[in-house]
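Before any comments, here is the structure.
All residue numbers in this chain count up from 1 along the given sequence.
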Amino acid sequence: MLALRWFRDRTSPDALARDHGISRATAYRYLEEAVLVLAEQAPDLHQALERAAAEGLPHVILDGKIIPADRCKEKTTSVKGEAIDLWYSGKAHCHGGNIQAVCAPDGFPLWISDAEPGSVHDITAARIHALPALYRAAAHGLPALADPGYDGIGIGIRVPVRQPADGRDLDISTRTRDALQRSLRCLGERGFALLTQRWRTLQHITASPSRIGDIARAALVLTHFEHGYTTSIR
């Protein structure tokens, strides 16, 4: 119950300790143990894709999100040789961790990656955590849909065709394909909405950014349990 209150309402550990009649240190220890136990139940990507294929899903949706977190500045060097803040996301304009997710066609989240620093782009995070399994699934008839931020990611990951730089219009067939693809892919937004609106601790994590991946996977397991998607739970 203590852990569920923290996930659901972002109740502070101090308040949890007071309400449950335990010390502050014990409340933190209970939360850490609960996160680890839940995160260990999360499926890996190969398991999630095998189940999706077995259930006859026509495709999956790849998406990424920055999970905001408290973080002091930590400098690093970008690929362009510039000094940047490692955990700051220029896309989201906040500090946090980049999480990749694979969702079912209706947006239900099937898998969550570990977190990369917020300065890491979606396509880079996907290459680290998702692509080998997604390529294999696509080769066996289960493609993935993604937004234009993943342009050039490789065969089997379908993204909209970008507007030509010289301003020319795309042909009608390409525009129609892009519209259909976007109408299917946009449902993937539901996945992160289910996670962050139901489990509010994901709206802003005050723990170390290194814990973001475990916390997100724990929230995924809670979501699967709540929706009866629990065959892998031990």
Side-chain angles (χ1 to χ4, degrees), residues 1-45 47-48 63-76 85-89 91-101 103 107-120 125 129 189-234:
M1 184 62 67
L2 179 149
L4 286 173
R5 289 183 62 197
W6 183 74
F7 274 101
R8 181 70 181 93
D9 298 321
R10 293 183 63 206
T11 307
S12 72
D14 287 344
L16 292 172
R18 180 195 65 230
D19 295 347
H20 291 267
I22 57 178
S23 71
R24 184 172 180 266
T26 300
Y28 274 101
R29 179 167 59 84
Y30 283 176
L31 285 176
E32 182 176 0
E33 292 174 354
V35 167
L36 291 176
V37 168
L38 288 169
E40 287 176 355
Q41 305 300 320
D44 65 29
L45 185 50
Q47 292 172 332
D63 201 5
K65 183 176 179 62
I66 299 296
I67 302 297
D70 289 344
R71 182 66 180 181
C72 295
K73 290 184 178 181
E74 182 177 345
K75 292 298 182 182
T76 189
D85 190 339
L86 180 64
W87 290 92
Y88 184 78
S89 168
K91 174 183 176 182
H93 304 292
C94 67
H95 288 82
N98 186 319
I99 292 288
Q100 299 294 297
C103 301
F108 186 76
L110 305 177
W111 168 82
I112 293 289
S113 75
D114 200 359
E116 293 296 321
S119 62
V120 175
H129 298 288
E189 302 293 336
R190 175 175 177 252
F192 281 116
L194 280 173
L195 292 168
T196 60
Q197 298 305 310
R198 180 59 170 163
W199 313 111
R200 295 175 186 167
T201 197
L202 289 177
Q203 294 178 5
H204 190 102
I205 290 176
T206 56
S208 167
S210 65
R211 303 290 311 283
I212 293 174
D214 284 339
I215 294 170
R217 286 193 296 272
L220 175 72
V221 171
L222 291 173
T223 301
H224 284 186
F225 183 81
E226 188 172 50
H227 288 77
Y229 196 77
T230 56
T231 56
S232 65
I233 302 298
R234 299 188 293 273

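- With contacts defined as side-chain heavy-atom distances shorter than 4.5 Å, the pair Ile215/Ile205 qualifies.
- Looking at Ile67 and Gln203, their side chains never come closer than 4.5 Å, going by heavy atoms from C-beta outward.
- Between the Glu116 side chain and the Asn98 main chain, no donor and acceptor come within less than 3.5 Å of each other.
- Remark: side-chain polar atoms of Ser12 are paired, donor with acceptor, to backbone N or O of Ala15 under 3.5 angstrom.
- Considering CZ of Arg8 and CZ of Arg198, their distance stands at 4.0 Å, rounded to 0.5 Å.
- Although no hydrogens or angles enter the test, the distance criterion places no donor-acceptor pair under 3.5 Å between the side chain of Gln197 and the main chain of Leu194.
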* Using the side chain to side chain contact (heavy atoms under 4.5 Å, CB included) rule, take Asp9 and Arg200 through it: C-alpha gap first, then chi angles, then the decisive distance, then the call. => CA-CA 6 Å; Asp9 298 321; Arg200 295 175 186 167; 3.8 Å; yes
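- Interatomic distance, CH2 of Trp111 versus SG of Cys103, reported as 10.5 Å (0.5 Å rounding).
- For the residue pair Ser119 and Trp87, no side-chain donor N or O sits within less than 3.5 Å of a side-chain acceptor on the partner.
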* For Leu220 and Leu38, what are the C-alpha separation, side-chain angles and deciding distance, and is it a side chain to side chain contact (heavy atoms under 4.5 Å, CB included)? -> CA-CA 9 Å; Leu220 175 72; Leu38 288 169; over 6 Å; no
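- Put simply, CG on Asp114 and CD1 on Ile99 are 6.5 Å apart, with the number rounded to the nearest 0.5 Å.
- Taking CG from Leu36 and CG from Leu31, the interatomic distance works out to 11.0 Å, rounded to the nearest 0.5 Å.
- Ser113 contributes a side-chain N or O that, together with a main-chain N or O of Gln100, makes up a donor-acceptor pair within less than 3.5 Å.
- Between Ala27 and Pro13 the shortest heavy-atom distance is CB-O, 3.8 Å.
- Heavy-atom minimum distance, Ala115 versus Gly97: CB-CA, 4.5 Å.
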* To do: Check the pair Arg217 / Gln41 against side chain to side chain contact (heavy atoms under 4.5 Å, CB included), numbers first and verdict last.
  => CA-CA 8 Å; Arg217 286 193 296 272; Gln41 305 300 320; over 6 Å; no
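- Counting heavy atoms from C-beta outward, Leu16 and Arg5 have side chains that approach closer than 4.5 Å.
- The CG atom of Leu195 lies 12.5 Å from the OG1 atom of Thr201; values are rounded to the nearest 0.5 Å.
- Looking only at side-chain heavy atoms (C-beta outward), His93 and Tyr88 come within less than 4.5 Å of each other.
- Annotation: side chain of Arg24 is not in contact with side chain of Arg18 (no heavy-atom distance under 4.5 Å).
- Considering every non-hydrogen atom in both His95 and Asp85, the closest pair reads NE2-OD2, 2.8 Å.
- Checking side-chain atoms of His227 against main-chain N and O of Thr223 turns up a donor-acceptor pair under 3.5 Å.
- Atom CH2 of Trp6 and atom OH of Tyr28 lie 10.0 Å apart (nearest 0.5 Å).
- Considering only heavy atoms from C-beta on, Pro43 stays 4.5 Å or farther from Leu110 through its side chain.
- Annotation: side chain of Val35 is in contact with side chain of Arg211 (closest heavy-atom distance under 4.5 Å).
- Between the side chain of Asp214 and the main chain of Ala39, no donor-acceptor pair closer than 3.5 Å is present.
- Of all the heavy atoms in Ala17 and Ser23, the pair that sits closest is CB-O, 3.6 Å.
- At a threshold of 4.5 Å between non-hydrogen side-chain atoms, the residues Leu202 and Phe192 do not count as touching.
- In this pair, Phe108 and His224 present their aromatic rings parallel. The plane angle is below 30°, not in the 30 to 60° band.
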